[in-house]
Amino acid sequence: MTLQQLDDPAPETDLSELHGRTYRCIDECALCCLCQPELLPDEERAFRADPKLAAGISESHISPDVEGAAIELKGRHGACYFLSERRCTIYDRRTHYCRSFPLNVFVGWRVQVNVNLSCRGVGLPGEDLTILGERLAAGYGAERLSKEVASANDTFTQFVRNMREAGVAQSFTSARGTVELLEDDLTDPIGLSRTMTFAEHDNPRQNSSAGDLVRRVRRTDAEADISERALMDGVELFDLPDLSLLPVYVDQELGWRIFRLVGKEIVAYDLQEDGRTVETCRIDPPSIDLLPMNDGGRSAMREYLRTVNARDCFLGHGAYLCDLEGYEYNFAQAYLGAAANNMIDLWWRASLLARLAGMDDLGTREIREGVVFFDMDLLDLPTIGAFI
Ligand code: SF4
Ligand code: SF4
């Protein structure tokens with residue numbers, strides 16, 4: 001151990017997702033002001049002590065998993081109580097969550113900072129996200145981060161023990177390596193179908209190598225109907241009575257769009273700041289087939305898959321699914337199934353947006369729009385480990 005480590009025993013922090021990326025907040029976008037910010041204990045005390053701020057406190061969060069106080073949403077599913085004409089009225093007192101956006105700090109067996117690709121400001125010339133991420137992680141202090149990592153490590157260690165006992169263990173490195181080797185398959189209908197069938201019906205031995213797993217996937221019959229699954233999952237995504245739980249897409253003109261299943265149709269709405277909705281069109285779900293991707297579209301999808309595969313929270317999601325299924329399947333099946341499912345979801349959402357724009361195929365731009373619609377939800381998937 002070096003002297004510097006003695007002074008600063010901070011756990012390993014992975015900022016690789018941020019490397020080479022810049023960001024500038026876009027005036028009047030305010031997408032992040034639709035995601036009800038939680039109040040940290042210090043913030044809650046400060047908010048309660050100031051009547052102007054206290055008026056915006058909600059005792060509950062739209063997500064049942066989040067306990068404690070948060071900021072109220074206007075009309076229960078509109079924008080933050082403190083947003084007015086797309087401007088924050090308490091900018092200097094905004095919450096830690098608001099200041100951190102579009103960055104998220106995930107704690108698993110190490111600390112990792114992710115960037116929310118639903119934010120349209122990512123990629124614009126501006127601040128260096130690696131520097132912002134470094135500052136954000138350092139702000140928690142080495143002691144807090146070490147404690148959080150120690151606690152998450154216990155969860156991951158227990159998970160590994162459970163996998164081994166059930167005979168379904170797979171190293172995280174080989175699961176990630178398999179997805180890397182299957183990049184082309186996971187962006188192609190036949191490859192996706194094989195991967196889904198492998199995830200649901202195969203029975204690989206534990207601790208298989210990435211090469212063995214890839215061979216097994218490629219030998220699997222493509223039985224899963226990808227278009228049908230995309231349609232079923234897509235319809236289910238919008239079949240929620242509570243508008244606050246629907247995914248929001250911020251379009252290129254910065255309109256907030258939500259989609260909802262009404263009867264047998266998907267209805268598109270413009271969401272207003274106060275929570276009102278204005279219908280813009282109706283879509284027959286079967287008309288949104290998975291549109292063909294051109295080379296640019298496939299390359300953009302592969303690029304996104306690489307980002308997802310490098311996220312510790314996504315590995316944690318695979319672990320969560322493996323646990324949820326009672327360790328009935330090999331971890332590689334849970335992880336590959338999750339990768340395939342999420343690529344299909346992205347593809348379907350990109351197809352929906354492209355159809356609305358009158359397009360018949362998906363290029364780089366259309367897949368990136370799909371990512372803007374999708375990434376917020378991917379980062380919100382249940383996982384082991386935690387965002388802090
Ligand atoms: S989503 Fe990004 S660009 Fe939009 S307001 Fe938030 S930080 Fe700014
Ligand atoms: S406090 Fe301000 S920045 Fe934060 S969500 Fe509300 S309006 Fe947006």
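All ligand and atom numbering here is 1-based and tracks the order in the structure.
At a 4.0 Å heavy-atom cut-off, ligand 1 touches Cys25 through backbone and side chain alike. If you look at Cys33 next to ligand 2, the close heavy atoms, those under 4.0 Å, come from the backbone and the side chain alike.
Classified by interplanar angle (parallel below 30°, tilted 30° to 60°, perpendicular above 60°), the ring pair Phe331/Phe172 is tilted.
The atoms of ligand 1 that sit less than 4.0 Å from any heavy atom of Ile26 are 3 (S), 8 (Fe). If you number the atoms of ligand 1 from 1 as listed, the ones under 4.0 Å from a heavy atom of Cys29 come out as 1 (S), 3 (S), 4 (Fe), 5 (S). Near Leu83, meaning under 4.0 Å from any of its heavy atoms, are these atoms of ligand 2: 7 (S). Residue Cys98 has at least one heavy-atom neighbour below 4.0 Å for each of these atoms of ligand 2: 1 (S), 3 (S), 4 (Fe), 5 (S). Atom numbering of ligand 2 starts at 1 in the shown order; those under 4.0 Å from a heavy atom of Pro37 are 5 (S). Within the listing of ligand 1, atoms 4 (Fe), 5 (S) sit less than 4.0 angstrom from a heavy atom of Ala30. Numbered from 1 in the order shown, with element, the atoms of ligand 1 that lie under 4.0 Å from a heavy atom of Gly121 read 3 (S).
Of the protein's heavy atoms, Cys88 SG, 2.4 Å lies nearest to atom 2 (Fe) of ligand 2. The protein heavy atom nearest to atom 7 (S) of ligand 1 is Tyr23 OH, 3.5 Å. Among protein heavy atoms, the minimum distance from atom 6 (Fe) of ligand 1 is reached at Cys32 SG, 2.4 Å.
Taking 4.0 Å as the cut-off between side-chain N and carboxylate O, Arg215 and Asp212 count as a salt-bridged pair. Taking 4.0 Å as the cut-off between side-chain N and carboxylate O, Asp345 and Arg349 count as a salt-bridged pair. The pair Glu43-Arg93 does not meet the salt-bridge criterion, since no charged nitrogen lies less than 4.0 angstrom from a carboxylate oxygen.
For the pair Arg94 and Tyr91, the cation-pi criterion (under 6.0 Å, within 45° of the ring axis) is fulfilled.
Atom CG of Leu254 has more than 12 neighbouring heavy atoms from other residues, nucleotides or ligands inside a 6.0 Å radius. Within a 6.0 Å sphere centred on CG of Asp284, heavy atoms belonging to other residues, nucleotides or ligands number more than 12.
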Practice problem: Give the intermediate values and the outcome of salt bridge (charged side-chain N to carboxylate O under 4.0 Å, His left out) for residues Glu44 and Arg48. | Solution: CA-CA 6 Å; Glu44 186 181 345; Arg48 289 202 189 280; 2.8 Å; yes
